[in-house]
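To start, the structure under review is shown below, and the notes come after it.
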Amino acid sequence: QGEILNHIIMISTNLADVKGDKLAENYASLTGLPNQAIFIGQLKQAIDRSQRSNKQVAILMLDVRNFSDINRARGRAAGDQILKAIARRLKHNVRESDTVAHFEKDNFAVLLEDLADVQQTGIVAQKILSTLGEEYQIDGDEITLEISIGISVSPEDGIDESNVRLLLLLLNVRSVS
């Protein structure tokens with residue numbers, strides 16, 4: 001006659017730790033916005049969708065030109081407050097379907113999808129410049145930022161999967177007010 005054996009094997013992983021690690025590697029800890037890796041993935045998908053729908057995709061690269069001066073003069077805590085405020089203002093000024101990302105330090109990116117024409121990009125860029133140019137209240141003082149935006153529109157600018165990283169680098173280097 002056979003024996004009945006009882007075995008219990010327990011393998012446990014703390015799912016919260018795994019999710020936390022994934023969040024940490026995909027999102028900027030300070031602002032909670034997607035990082036560059038997520039942005040590039042979203043951009044590649046957006047380019048694929050735009051090719052099928054004959055709509056445009058635009059990338060806006062934003063840089064706070066006077067951020068280092070503010071950070072040096074006011075301290076890191078003030079700089080962090082400004083970066084969080086920028087993130088909030090950016091999210092407020094684009095559609096839910098658009099992507100706002102925080103790459104590093106004072107570098108942000110916006111991905112606009114499903115655009116009928118390039119004029120829509122200009123309208124959004126002007127709205128962002130206006131909103132980010134409004135004064136920030138930090139420790140009772142008013143601070144004004146100098147913002148640069150570099151813009152590229154697909155398909156006009158030839159954005160595709162093979163040149164996405166180069167394009168982001170060029171937009172960041174050549175951004176204009």
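Count residues from 1 along the sequence.
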Interatomic spacing from [atom1] in [X] to [atom2] in [Y] - rounded to 0.5 Å:
X: Asn66; Y: Ile82; atom1: CG; atom2: CD1; answer: 8.0 Å
X: Arg89; Y: Phe108; atom1: CZ; atom2: CZ; answer: 11.5 Å
X: Leu60; Y: Ser148; atom1: CG; atom2: OG; answer: 12.5 Å
X: Asp98; Y: Gln42; atom1: CG; atom2: CD; answer: 11.0 Å
X: Leu112; Y: Ser154; atom1: CG; atom2: OG; answer: 12.5 Å
X: Ile47; Y: Glu113; atom1: CD1; atom2: CD; answer: 9.5 Å

For [X] and [Y], indicate whether the former's side chain and the latter's backbone hold a donor-acceptor pair under 3.5 Å.
X: Asn93; Y: Ile128; value: no
X: Gln56; Y: Val118; value: yes
X: Asp117; Y: Gln120; value: yes
X: Arg74; Y: Asp139; value: no

Any side-chain heavy-atom pair of [X] and [Y] under 4.5 Å:
X: Lys44; Y: Ile40; value: yes
X: Asn107; Y: Gln36; value: no
X: Val100; Y: Thr31; value: no
X: Arg52; Y: Arg49; value: yes
X: Leu111; Y: Val94; value: no
X: Ile147; Y: Val64; value: yes
X: Asp106; Y: Leu145; value: no

Which pair of non-hydrogen atoms, one from [X] and one from [Y], has the smallest distance, and what is that distance?
X: Gly133; Y: Thr144; result: O-CG2, 3.8 Å
X: Ile149; Y: Ala125; result: CD1-O, 3.9 Å
X: Ser50; Y: Val57; result: CB-CG2, 3.5 Å
X: Arg76; Y: Asn71; result: CA-OD1, 3.4 Å
X: Glu135; Y: Glu142; result: OE1-OE1, 2.6 Å
X: Asn35; Y: Ala101; result: O-CB, 4.2 Å

List the residues meeting side-chain hydrogen bond (donor to acceptor under 3.5 Å, both in side chains) with Glu96, not counting sequence neighbours, and say none if there are none. none

Side-chain ion pair, Asp114 and Arg95, N-O less than 4.0 Å: no

Parallel, tilted or perpendicular, as decided by the 30° and 60° cut-offs, for the rings of Phe103 and Phe39: perpendicular

Start with the C-alpha distance between Leu129 and Leu62, add both sets of side-chain angles, then the distance that settles side chain to side chain contact (heavy atoms under 4.5 Å, CB included), and finish with yes or no. CA-CA 9 Å; Leu129 276 175; Leu62 294 93; over 6 Å; no

Side-chain heavy atoms under 4.5 angstrom apart, residues restricted to Ile, Leu, Val, Met, Phe, Trp, Tyr: same cluster for Leu33 and Ile38? no

